[in-house]
Amino acid sequence: MKKTALITGATSGIGKATAELFAKQRFKLVLCGRRQERLEQLMNELGRDTAIHILNFDVRDREAVFSAIESLPEEFSQIDILVNNAGNAHGLDPIDKGNPDDWEAMLDINVKGLLYMSKAIIPKMVERKSGHIINIGSTAGKEVYPNGNVYCASKHAVDAINQGMRIDLNAYGIRVGAVNPGLVETEFSDVRFKGDTERASNVYKGFQPLKPEDIADIILFVVTRPYHVNIADLVVMPTAQASSTIVKKEL
Ligand code: NDP
Ligand code: 8X3
């Protein structure tokens with residue numbers, strides 16, 4: 001029987017590319033996000049290949065997370081694979097100039113949202129003694145770069161939570177691992193720079209960034225390993241990138 005995967009942040013970027021690739025593999029899919037129109041579009045398009053259920057909620061809203069998961073119809077209620085992907089950077093400012101609203105958004109979405117999702121889904125994995133959680137971290141969770149402060153902190157938290165989950169769920173045979181990308185061209189920089197599309201597109205100029213499909217490929221590889229193989233922590237960057245601050249650009 002094909003597995004059921006729940007993907008947060010499925011309306012854009014890495015989450016959307018993963019949903020598209022998983023649909024081709026005929027995984028049953030629970031797709032989450034806040035933009036209803038995009039969720040419905042995904043349901044219409046990917047529904048040709050597989051069974052899709054969409055859930056519209058904000059991962060920051062703890063009650064909404066739990067009621068969304070409780071509302072899953074029987075045929076989607078056994079989540080085999082959780083892709084904790086929803087998240088963004090908000091702002092790129094030195095710590096003394098940072099906006100506390102941005103800090104709260106990043107900590108509430110990237111860290112607390114990921115925890116709420118996990119808390120809502122893990123108990124049934126524990127009962128079944130099986131499941132796979134993929135946490136989308138970042139190179140920003142492995143090193144800190146100028147003005148990245150709180151976003152980097154949120155992704156360092158994802159790194160720690162990924163390790164903690166793997167330790168605590170070890171007894172139940174649940175696989176836990178992180179995929180940590182470098183620069184991927186998605187809506188990420190549009191969100192970070194609050195719709196300043198010129199500033200956003202400059203981030204990816206002069207080199208070949210990763211595409212969301214590159215990360216989707218890796219996530220599919222991770223989830224299709226034999227059950228005794230757990231890819232615990234994977235870092236992937238564009239060839240042009242050596243670290244958060246070293247990117248070979250030809251402008
Ligand atoms: P996008 O902006 O393209 O996608 C972000 C997704 O997260 C959207 O589907 C959005 O859906 C969802 N999301 C954001 N906030 C919330 C919220 N409060 N509640 C529910 N869903 C939310 O960016 P990416 O695809 O690049 O980002 C996906 C993940 O990858 C993030 O965790 C990001 O930190 C990480 N990452 C990205 C990298 C990059 O360079 N792009 C590199 C390393 C990691 P909606 O708005 O519909 O709710
Ligand atoms: C996204 C990659 O370098 O913009 O997590 O922080 S970076």
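First listed ligand is number 1; within each ligand, the first listed atom is number 1.
If you check which protein heavy atom lies closest to atom 34 (O) of ligand 1, you get Y151 OH, 2.7 Å. Annotation: atom 43 (C) of ligand 1 to nearest protein heavy atom, P181 O, 3.1 Å. When only non-hydrogen protein atoms are considered, atom 18 (N) of ligand 1 lies nearest to D58 OD1, 2.8 Å. Closest protein heavy atom to atom 15 (N) of ligand 1: R34 NH2, 3.2 Å. What sits closest to atom 2 (O) of ligand 1 on the protein, heavy atoms only, is N88 ND2, 2.9 Å. The protein non-hydrogen atom at the shortest distance from atom 2 (C) of ligand 2 is S138 OG, 3.8 Å. In terms of protein heavy-atom proximity, atom 7 (S) of ligand 2 is closest to Y145 OH, 3.6 Å. Considering only non-hydrogen protein atoms, atom 42 (C) of ligand 1 sits nearest to G182 O, 2.9 Å. Looking only at heavy atoms of the protein, atom 21 (N) of ligand 1 is closest to A86 CB, 3.7 Å. Of the protein's non-hydrogen atoms, F188 CE2, 3.5 Å is the one closest to atom 4 (O) of ligand 2. In terms of protein heavy-atom proximity, atom 40 (O) of ligand 1 is closest to V184 N, 2.9 Å.
For the pair T8 (side chain) and N85 (backbone), a donor-acceptor distance under 3.5 Å is present.
The residue from G87, A17, A140 that puts a heavy atom closest to atom 5 (C) of ligand 1 is G87. In this comparison of N85, I215, I136, T186, the heavy atom closest to atom 32 (O) of ligand 1 sits on N85.
Salt bridge annotation for K97-D93: absent, with no cationic side-chain nitrogen under 4.0 angstrom from a carboxylate oxygen. With respect to the salt-bridge test (charged N to carboxylate O, under 4.0 angstrom), the residues K142 and D233 qualify. The residues E40 and R38 are annotated as not salt-bridged, no charged nitrogen and carboxylate oxygen being separated by less than 4.0 angstrom. Ion pairing between R48 and E20 fails under the 4.0 Å rule for side-chain N and carboxylate O. In this structure, D61 does not pair ionically with R34, as no charged nitrogen and carboxylate oxygen lie closer than 4.0 Å.
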Q. Can V83 and N135 be said to form a side-chain contact (heavy atoms from CB on, under 4.5 Å), step by step?
A. CA-CA 6 Å; V83 184; N135 295 308; over 6 Å; no
Q: Decide ring-ring contact (aromatic ring centres under 6.0 Å, His included) for F188 and Y151; before the verdict, give the C-alpha distance in whole Å, the side-chain angles of both, and the deciding distance to 0.1 Å.
A: CA-CA 12 Å; F188 179 86; Y151 177 66; 5.4 Å; yes
Q) Stepwise, does the salt bridge (charged side-chain N to carboxylate O under 4.0 Å, His left out) test hold for E45 with K24? A) CA-CA 11 Å; E45 286 172 13; K24 284 199 192 111; over 6 Å; no
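Interface atoms of ligand 1 facing R35, defined by a heavy-atom separation under 4.0 Å, are 8 (C), 10 (C), 11 (O), 45 (P), 46 (O), 47 (O). Ligand-side atoms of ligand 1 in range of G13: 3 (O), 25 (O), range being under 4.0 angstrom from any heavy atom. Heavy-atom contacts of A140 reach the following atoms of ligand 2: 6 (O) (cutoff under 4.0 Å). Taking every heavy atom of L183 and a limit of under 4.0 angstrom, the matching atoms of ligand 1 come to 40 (O). Residue-ligand proximity, G137 to ligand 1, at heavy-atom distances under 4.0 Å covers atoms 43 (C), 44 (C). Each of the following atoms of ligand 1 lies closer than 4.0 Å to a heavy atom of R60: 18 (N). Contact atoms of ligand 1 toward T11: 8 (C), 9 (O), 10 (C), 11 (O), 45 (P), 47 (O) (distance under 4.0 Å to a heavy atom of the residue). Below 4.0 Å from some heavy atom of Y151 lie the following atoms of ligand 2, by number and element: 1 (C), 5 (O), 6 (O).
Between I69 atom CD1 and S77 atom OG the span is 10.5 Å, to the nearest 0.5 Å. In this structure, CG in N84 is found 5.5 Å from CE in M165, a value given to the nearest 0.5 Å. Note that OG of S154 and CD1 of I161 are 9.5 Å apart. Values are rounded to the nearest 0.5 Å. For the atom pair L39 CG and K16 NZ, the distance stands at 11.5 Å (nearest 0.5 Å).
Within the structure, the closest approach of T8 to ligand 1 does not fall below 4.0 Å when heavy atoms are considered. Residue K155 places a heavy atom under 4.0 Å from ligand 1.
Distances between N or O atoms of V59 and those of ligand 1 include at least one value under 3.5 Å. In terms of polar-atom proximity, G9 is counted as a contact of ligand 1, with an N or O under 3.5 Å from an N or O of the ligand. Residue S12 has at least one nitrogen or oxygen atom sitting less than 3.5 Å from a nitrogen or oxygen atom of ligand 1, judged on distance alone. Backbone and side-chain nitrogen or oxygen atoms of T139 are examined, and none is located within less than 3.5 angstrom of a nitrogen or oxygen of ligand 2. Ligand 1 has an N or O atom lying under 3.5 Å from an N or O atom of I14, backbone or side chain.
At least one side-chain heavy atom of V236 sits less than 4.5 Å from a side-chain heavy atom of I218.
Side-chain polar atoms of S244 and E143 form a donor-acceptor pair below 3.5 angstrom.
The side chain of R192, and not its backbone, has at least one atom closer than 4.0 Å to an atom of ligand 2 (non-hydrogen atoms only; side chain from C-beta on).
I81 and L31 end up in the same hydrophobic cluster when Ile, Leu, Val, Met, Phe, Trp and Tyr side chains are linked at under 4.5 Å.
Between H132 and V222, the shortest heavy-atom distance links the atoms CE1-O, 3.5 Å.
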